[in-house]
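Beneath this line is the structure, given in structure tokens, with notes to follow.
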Amino acid sequence: MLDNLKHYHVILASNSPRRRMLLAGLDIPFEVKVLPDIDESYPPDMPVEQVAEHIACAKAAAYKPLMGDDELIITADTIVIVGGQVLGKPHDRDDAARMLRTLSDCTHRVVTGVCLMAKGRERRFSATTDVTFKHLSDEEISYYLEKYRPYDKAGAYGVQEWIGYIGVSAITGSFYNVMGFPVQRVYNELSGF
């Protein structure tokens, strides 16, 4: 499968163990490379639905001067949107608790932006999933933060962890997108690259 990639050295530019696991599930060889200190800011007036894709493309642009002729770079960024507000990764426990209280008893959007880049070629896209949480008690939030420490996750939660098991009452869209990598859409985009 994905024979069109046999001429590329595929590089996943991400620290995320979840993205590594999901890309590995496509059975294509790849290497992980991560550049430090990539600017993940975005214009304050940017529509929130465009933020994740903007950041994914900024990450890819940082690799552009270092790319070999046969390299295909995959970058991604995931955000959570609730009430028009972007929730990225929490700064600390208090910030994580605040985010989870905000997500409690409501529906939010998870948007993952992806950029596929090779010399002279680029594909960019976003995937969106709606996630509904039941009411999360302070005790449940504290338990989750103590046991799982989700400080590397947008919105301060991992859907594949305890809080997802007990808290998520509905998902509309890709479950894997909520994990941070819309793997089915990535497969489709790679197959046409």
Side-chain angles (χ1 to χ4, degrees), residues 1-44 46-81 86-91 109-129 150-161 173-193:
M1 303 304 295
L2 296 177
D3 289 339
N4 60 313
L5 298 183
K6 66 184 174 193
H7 301 295
Y8 288 111
H9 177 76
V10 178
I11 296 170
L12 176 64
S14 175
N15 272 323
S16 167
R18 294 159 302 280
R19 288 191 186 119
R20 277 181 279 207
M21 178 194 77
L22 292 170
L23 184 58
L26 293 181
D27 291 338
I28 58 171
F30 68 94
E31 176 185 357
V32 174
K33 283 187 185 176
V34 181
L35 292 177
D37 304 322
I38 294 177
D39 180 14
E40 295 188 17
S41 63
Y42 54 91
M46 176 174 278
V48 291
E49 293 80 14
Q50 296 174 13
V51 169
E53 189 173 318
H54 172 83
I55 294 171
C57 291
K59 291 176 181 179
Y63 286 86
K64 198 171 193 169
L66 309 172
M67 286 178 65
D69 290 338
D70 67 338
E71 290 182 331
L72 169 68
I73 306 286
I74 302 172
T75 57
D77 192 74
T78 301
I79 60 167
V80 168
I81 302 170
V86 173
L87 301 183
K89 296 172 187 169
H91 303 294
R109 300 196 115 167
V110 177
V111 180
T112 301
V114 178
C115 185
L116 310 175
M117 184 189 303
K119 288 277 184 174
R121 298 191 73 184
E122 180 180 297
R123 260 210 182 122
R124 52 176 73 193
F125 59 91
S126 293
T128 301
T129 304
Y151 305 118
D152 65 335
K153 296 172 180 71
Y157 78 94
V159 70
Q160 72 283 4
E161 296 175 339
S174 168
F175 173 83
Y176 298 111
N177 184 52
V178 184
M179 283 180 67
F181 201 62
V183 70
Q184 188 270 337
R185 177 76 187 272
V186 170
Y187 176 83
N188 285 345
E189 295 290 340
L190 286 171
S191 66
F193 198 81

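Only heavy atoms go into these numbers, but all of them, side chains included; no hydrogens, no water, no symmetry mates. When a residue number appears, it is its place in the shown sequence, counting from 1. Note that this is a predicted model, so its numbers are computed, not measured.
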Query raised in the report: Is there a side-chain contact between L72 and F30 (heavy atoms, below 4.5 Å)?
Result: no
Requested in this report: Flag the pair D152 / N15 as yes when at least one side-chain heavy-atom distance between them is below 4.5 Å, and no otherwise.
Outcome: no
Using 0.5 Å steps for rounding, measure from the [atom1] atom of [X] to the [atom2] atom of [Y].
| X | Y | atom1 | atom2 | result |
| --- | --- | --- | --- | --- |
| M179 | T129 | CE | OG1 | 12.0 Å |
| Q184 | E189 | CD | CD | 10.0 Å |
| K59 | M117 | NZ | CE | 13.0 Å |
| I74 | I28 | CD1 | CD1 | 5.5 Å |
| R18 | L23 | CZ | CG | 14.5 Å |
| T75 | R19 | OG1 | CZ | 9.0 Å |

Query raised in the report: Would you call K33 and E71 a salt bridge, taking side-chain N to carboxylate O under 4.0 Å as the test?
Result: yes
For residues [X] and [Y], report the shortest heavy-atom separation together with the two atoms involved.
| X | Y | result |
| --- | --- | --- |
| N4 | S191 | ND2-O, 3.4 Å |
| D39 | S41 | OD1-OG, 2.8 Å |
| E53 | S126 | OE1-OG, 2.9 Å |
| E40 | D77 | OE1-OD1, 3.7 Å |
| A56 | G113 | CB-O, 3.3 Å |
| A61 | P65 | O-CD, 3.5 Å |

Query raised in the report: Got a sec, which pairs hit side chain to side chain donor-acceptor pair (under 3.5 Å) with one end in residues 112-122, sequence neighbours left out?
Result: T78-T112, T112-N177, E122-R124
Query raised in the report: Are any side-chain N or O atoms of Y42 and backbone N or O atoms of Q50, one a donor and one an acceptor, separated by less than 3.5 Å?
Result: no
Report task. For R185 and F125, indicate whether the former's side chain and the latter's backbone hold a donor-acceptor pair under 3.5 Å. Result -> no
Requested in this report: Could you check V114, N188, T128 and say which one makes a side-chain contact (heavy atoms from CB on, under 4.5 Å) with P182?
Outcome: V114
Query raised in the report: Which residue, L87, V51, V110, forms the side-chain contact (heavy atoms from CB on, under 4.5 Å) with I79?
Result: V51
Query - For F193, ring pair (Phe, Tyr, Trp, His ring centres under 6.0 Å) partners two or more places apart - result: Y8
